[in-house]
Amino acid sequence: MDGGQAFRWRLNESGSWTGIWGQNLVEVCLQGERLEWRRPKQVSVNREEVLRYFAFDPPYEEIIDELPWRSDRFLANAMERFHGLRILRQPLGEALFAFLLSTVKSIPQIKELCELTAKKYGEEIVPGIYALPTWERLARVSEKELRALKLGYRAKYVTQTARMLAEEPDFFSEVEEATYEQARGKLMKLPGVGGKVADCALLFGAGKREAFPVDTWIAKVMASGYGLKDWRLEQVAAFGRAHFGRFAGLAQQFLFSAVREKQQGTKA
DNA sequence: CTCCAGGTGCCTT
DNA sequence: AAGGCACCTGGA
């Protein structure tokens, strides 16, 4: 919930989590093997949508088993330590927005930017809690206003991307239906979207589970653990997809969690 | 005060 | 194709 996939979840004192996606506001809590959830009565989210968000459809153990843990001691170790880790399925537009803001930002900072944007331009779901604005709404916000919201140089990416999306109403559905390669190329035409941001949007927002986002952390792990020292980031991404296979993105999350655990305290 | 952070775009070799 | 640097902002 708080590992850098989604940025609108917070931990409650009781140990449950409250999260927002689309117009939905949900509180979830793990009771043993069961995920319990509830919503305010104003919110109409149903069980099916919750299951989809948590990607409970494909049997988890089968996906896990398909990763190359038998021949990859390094991965196997991370998988043991983080068993149960899964990929959330967020609305594509929201994943794109969050990762457009993510460059050179830590998780708490990305969360804050999302929060500020939602408060300012999003719809109020229940008193005091706001949805992220749609891209249509963002298209009507100036770069200057977004800079005032502390988006920095990312403000230009958001306004320009919003403008391009406005001219292509079917953009997101086309990305979701396209093959991974096609979808990635399509996303990378948007300003501020390079390979890493595109892969995050595809993995967390479009169900493209072969996407292998390479940030500096993953680049370091792949350099030290897999001998890919001094490789180009695009080459590391291609290696990841080839080596880890159909569910490379989940492998990436295991490795990512493992490095961040070691670096805990240095970064947030 | 300087440096750099979970990238990208643009300008040079 | 590959290397170098600026870009907002804030925290170390």
Side-chain angles (χ1 to χ4, degrees), chain A residues 1-9 78 82 85 87-88 90 94-117 119-120 138 141-165 183-205 211-226 228-240 248-268:
Chain A
M1 319 297 278
D2 209 17
Q5 293 188 29
F7 302 94
R8 304 220 63 201
W9 286 94
F82 293 95
L85 177 63
I87 307 283
L88 301 174
Q90 305 168 54
E94 296 192 348
L96 174 64
F97 178 75
F99 285 98
L100 208 45
L101 302 188
S102 73
T103 73
V104 203
K105 285 285 180 193
S106 64
I107 292 171
Q109 289 176 316
I110 301 165
K111 289 173 80 165
E112 192 196 355
L113 292 179
C114 287
E115 186 70 32
L116 287 168
T117 311
K119 265 210 168 71
K120 186 97 177 160
L138 288 169
V141 178
S142 70
E143 179 186 335
K144 194 175 171 189
E145 286 178 89
L146 291 176
R147 279 184 181 259
L149 271 188
K150 302 199 279 189
L151 297 210
Y153 63 84
R154 301 159 196 83
K156 185 165 54 179
Y157 296 158
V158 172
T159 51
Q160 291 180 348
T161 288
R163 204 157 304 152
M164 288 179 66
L165 291 175
R184 191 173 194 261
K186 207 166 155 59
L187 280 169
M188 286 178 68
K189 288 194 190 122
L190 300 172
V193 180
K196 192 271 180 181
V197 170
D199 278 332
C200 287
L202 289 170
L203 181 60
F204 305 130
F212 189 79
V214 179
D215 54 43
T216 58
W217 296 103
I218 289 297
K220 276 178 203 160
V221 189
M222 298 308 286
S224 61
Y226 293 79
L228 309 192
K229 199 169 171 306
D230 297 325
W231 281 40
R232 326 251 90 247
L233 297 183
E234 282 297 333
Q235 303 302 313
V236 178
F239 175 94
L250 184 56
Q252 190 266 16
Q253 286 293 292
F254 278 118
L255 298 177
F256 187 73
S257 302
V259 250
R260 289 194 87 249
E261 181 185 53
K262 270 185 258 172
Q263 297 292 331
Q264 196 179 24
T266 321
K267 309 239 87 39

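Only heavy atoms go into these numbers, but all of them, side chains included; no hydrogens, no water, no symmetry mates. So you know, we letter chains A, B, ... as the sequences are listed, proteins then strands, and number each from 1. Because the structure is predicted, anything quoted here is derived from the model rather than measured.
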A/Lys150 atom NZ is separated from C/dC7 atom C1', nearest whole Å, by 18 Å
Here the gap from A/Ile87 atom CD1 to A/Leu203 atom CG, rounded to the nearest 0.5 Å, amounts to 4.5 Å
Contact under 4.0 Å: A/Arg260 side-chain N or O vs B/dG6 OP1/OP2
no
Whole-Å distance, A/Ile110 CD1 to C/dT9 C1', equals 14 Å
Taken to the nearest whole Å, NZ/A/Lys156 to C1'/C/dT9 is 16 Å
With B for base contact, S for sugar-phosphate-only contact and - for none (protein heavy atoms under 4.0 Å), nucleotides 7-13 of chain B reads BSS----
Can a donor-acceptor pair be found, under 3.5 Å and without considering hydrogens, that links the side chain of A/Gln5 to the backbone of A/Leu88? yes
A/Leu100 CG to C/dC8 C1', in whole Å, measures 14 Å
For A/Thr161 and A/Pro191, indicate whether the former's side chain and the latter's backbone hold a donor-acceptor pair under 3.5 Å. yes
Of A/Lys119, A/Lys150, A/Arg8, A/Lys105, the one forming a salt bridge (charged side-chain N to carboxylate O under 4.0 Å, His left out) with A/Glu112 is A/Lys150
In this structure, CZ of A/Phe239 is separated from CE of A/Met222 (nearest 0.5 Å) by 5.0 Å
With both pairing distances under 3.5 angstrom for Watson-Crick or G-U wobble, and | for a partner in another strand, the correct string for DNA chain B is .||||.|||||||
Regarding the side chain of A/Arg154, the nearest nucleotide among C/dG10, C/dC8, B/dG6 is C/dC8
*Please state the P separation for the pair C/dG4 and B/dC4 - nearest whole angstrom.*
15 Å
**Q.** Distance, P atom - from B/dT8 to C/dG10, rounded to whole angstrom
**A.** 22 Å
In whole angstroms, the gap separating P of B/dG6 from CZ of A/Phe256 amounts to 9 Å
Atom CG of A/Leu149 and atom P of C/dG10 are separated, to the nearest Å, by 12 Å
Exercise for review: Answer with yes or no whether the side chains of A/Tyr153 and A/Thr103 bring together a donor and an acceptor at under 3.5 Å.
Suggested key: yes
Check: Between the main-chain N or O of A/Ser257 and the side-chain N or O of A/Arg260, is there a donor-acceptor pair closer than 3.5 Å?
Finding: no
Separation between CG (A/Leu101) and CG (A/Leu149), nearest 0.5 Å, reads 10.0 Å
Quiz item: Would A/Glu115 and A/Lys111 pass as an ion pair if we require N to O under 4.0 Å?
Solution: no
In whole angstroms, the gap separating C1' of C/dA12 from CD of A/Gln109 amounts to 12 Å
In whole Å, measure the gap between the C1' atoms of B/dG6 and C/dA2 for me. 23 Å
To the nearest angstrom, the CZ-C1' distance between A/Arg232 and C/dG4 comes to 12 Å
